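Letters go in sequence order (proteins before strands), and every chain restarts at 1. Remember, it's a predicted structure, so these values are computed and weren't measured experimentally.
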Amino acid sequence: MKAAYRFSDRFVCDISKTATSIICALNFRQSIEADFVRTAIDQFKLEVLDNELRRSVAERTEPLRTAILAYAFSKSGLQSTE
Amino acid sequence: MMKLSALGVKFLNWAESAPGGIARLSTNQSRPDALRRSEAFLVRDDNVPEGFLFYVIVGDESALLLDKIGRRPHIWLPNDFLYLRDGDVIRTNADKNSVRVLYRRASNHNSFLVTERCNHYCLMCSQPPRNVDDSWIIDEIKATIPLMDIETREIGFTGGEPTLLEGRLIEILELAKGYLPHTAVHILSNGRRFSDLRFSQAYANVKHPDIMVGIPIYSDISSIHDYVVQSDGAFDETIRGILNLKRLRQRVEVRIVIHRQTYSRLPQLAYFLARNLTFIDHIALMGLEMMGFAKANVEDLWIDPFDYQRELFDAAMHLNARGMNFSIYNHQLCLLPEELWPFSRKSISDWKNEYMPECADCSERNACGGFFSSARFRHSRNIRPIPSATISE
Amino acid sequence: MERANLEALIRGTLETNSEVYRDLKSRHFLQDPDSDIAVELLALKLRTKLKRLADFTALHMFVVTLRCEHSCPYCQVSRQSDDKLAFDMTKETAEYALALTFRSPSPAIKIEFQGGEPLLNFPLIKFIVERALEINTREKRDLQFVVATNLAVLSNEILEFLRNHEILVSTSLDGPRDLHNKNRPRRGNDSYERAISGIERARIALGRDRVGALMTTTEASLERPKDIIDEYIASGFDGIFLRPLSPYGFALKTRSYEAYDADRWLSFYFAGLEHILNINRAGHRFVAQYAATILSKMLSPFEPGYVDLMSPAGIGIAAIVYNYDGEVFASDESRMLAEMGNKKFRLGNVRVDSYERIFTNDTLLEALDSSFAASSPMCSDCAFLPHCGSDPVFHYATQGDFVGHKPTSEFCRRNLAIFKKLVLLLRSDSETRRILTSWTSQV
């Protein structure tokens, strides 16, 4: 969905789910060249991949990130005390 | 005339109530009475002032002197003791006919062996351990410290392993701080006892103004270090000890003896120290001393320092590049690359150093410390004089 | 490391008596039952690296005026104007900013005067220095002042003040005269002459180690790395910071920063680095400062604290900017971005927003969290992660979000190339390795 949003200036994306997969139908607004469509599809795929990676890496590294950022703010007086 | 003992030491007029034990020497004829009562007078000429606890004469016995001394308790010492000076401290034992020198005021290297016991068995140990009850040594040191000159620059505590004395070692440090507040203290230890934080805290609580522990690390690899000191788990515990000392802001020196077992990974040890123990105050890179176990294990330990110049150079230059403080000891200048000369210290005491015949024409003789007398047993085949043209200034 | 050994290591079949095995053990890549001190030492090194984080904001930049008598084309912020009312920071604003400054828990605080040309508002600098020192008698921090100035308007009175308060000077020297004056025009076309003269006077008054210089890289610079470096050597500096091209003029015009610019800059940088190494080989110590910063991260457990190469990013939590009008920005680049029309990293205003409001600003927190290098794709798997950083402002400006897209990121491309080059140089010969290592002992 994040990827679709980012490309919303180039096409509108209909997302639907089946039992085994997710289908993205890309509706291009104007009549455009095949090249443009191909490039847009490739970039869209990359964008989806990027977002998926970000999600998964962020999840995996959450404890480390939280610990370090907590340490960074530990003496700032900005953390709420229980 | 009393018969000379085998040592050439004679105790004369030493009655039952006679003085024994530890005394400071004086050559001052005007020494205040309050002091001379507990001191020994070191006779130099034919002046023998009254009132000292006993008298010490070194060298030839002369009838004139014997006459002057009369019935007063005194000790004859052979010429070996000619170095004795005002302010030195000696221990006398009439029963054993012996005199030991505990402290020499003029020396730059007063070192106290606090115990011969040790929990390591280093392959190159110059003071092989003995498992004896030598707790009397501490008592002797405790009696000596108050007699030492307050201007003494530095004293060392060595062994064996000094920290085996635990609280008694701490007591000596307190005493040293109290009686010799301006004297730097240098302790040689394997550092393992400091892995106990409470002991480290007791040590830190002395708050001595100028103290450092010299701790050996022989390799960056635990198994090699443990092999050299002949004790499993030594490496880990030693580092834990160092970390504790540093947590408590105590000064630590790392000492490395370079020999056949330790030379090949010397650069890697330098990388390890510069990376992990960046806070070390000083690193001592030391040549092998041919004493004690080193002689017995000479075939496993000996390598001509000339042959490890590359490793030593790499290690030293890395430490230098990383801004670590270090010195090179017990290496003759002709065995070191010239770039390392600024780091080489003259560490052999003035009266202990010797030179080889090859040194006769060397232009760097004075800067170089020469050799320990033990070097006669084995030394480099590459000793050669440095011609003055070599000096690039 | 040889591929065969790497595979043996991963499979667990590496010969334990081999030198490779020992090296890996010594450098804490592996641990075996012989010894378990490695974990403690690694923890110590990690704590050392992260130590500065909790000190929080140490660098506080005060933009005391936007007025400037230069008109450098690459400058985003300065105003050709005499209107002090419009473009100078007031005492009142400064007072608020100082209050925020000392809310930082950092035991060491550096106040940096920026502009425009800060010396054009010297009275305010005086005020801030004196007021800060007054506050510091109570706060007892390690307080340091720096003024980033072109030195063109350096009067004796100003010099005297700088001397008495031990204020550091950071000036601009873009290269030899023709390059410098071309980059940095002013009426009279004498920017270079004034800079050199100013440097000389400042050195005598303040001491050589209190006067530094930075260069800005432009198109014209890219052809002349050696000339620029030689200028710095001739001018008596002991090092140079060869800076990357700044994207902030172009950011809003193109969506992605041109990759070819990165390659051209890298050619410039590597030519400069080789020249610097040759100078060192000839016996003269001269430091390539960006390389030295990276080498410190590679060869020691310390964090040099260079704001643009930190993760979490240094924005806000290491450095902060108080603009002439009281606007607070997360970094100097954030301010430049605002000048281009994008106030994404504006955190508040000193007159109305509290310390809490400013430093818990949503954008700031989100930028810090999402740009965390260890949580970013590609960065999280990168061998150079400990040596690199995240730069959310740069990535936002050039690629549209805080994380960016590292495969096409100029930041990534540039740093990756430099890391690889430094590793190759460290392994090339022992003299080069020693020179590079020696640059780390003071950083």
Partner residues of Cys382(C) under the side-chain contact (heavy atoms from CB on, under 4.5 Å) criterion, sequence neighbours left out: Phe384(C), Leu416(C)
Report the donor-acceptor contacts between chain C and chain B below 3.5 Å as a table, one pair per row.
unit_1, atom_1, unit_2, atom_2, d
Glu19(C), OE1, Arg265(B), NH1, 2.8
Asp23(C), OD1, Arg265(B), NH1, 3.2
Asp23(C), OD1, Arg265(B), NH2, 2.8
Lys25(C), NZ, Ser222(B), OG, 3.1
Ser26(C), OG, Asp220(B), OD2, 2.7
Ser35(C), OG, Asp236(B), OD1, 2.6
Asp36(C), N, Asp236(B), OD2, 2.7
Asp36(C), OD1, Arg240(B), NH2, 2.8
Glu40(C), OE2, Arg240(B), NE, 2.6
Glu40(C), OE2, Arg240(B), NH2, 2.8
Lys45(C), NZ, Asn276(B), OD1, 2.7
Met298(C), O, Arg275(B), NH1, 2.7
Met298(C), O, Arg275(B), NH2, 3.0
Thr440(C), OG1, Arg322(B), NH1, 3.0

Segment of Ile224(B) engaging chain C (4.5 angstrom heavy-atom cut-off): side chain
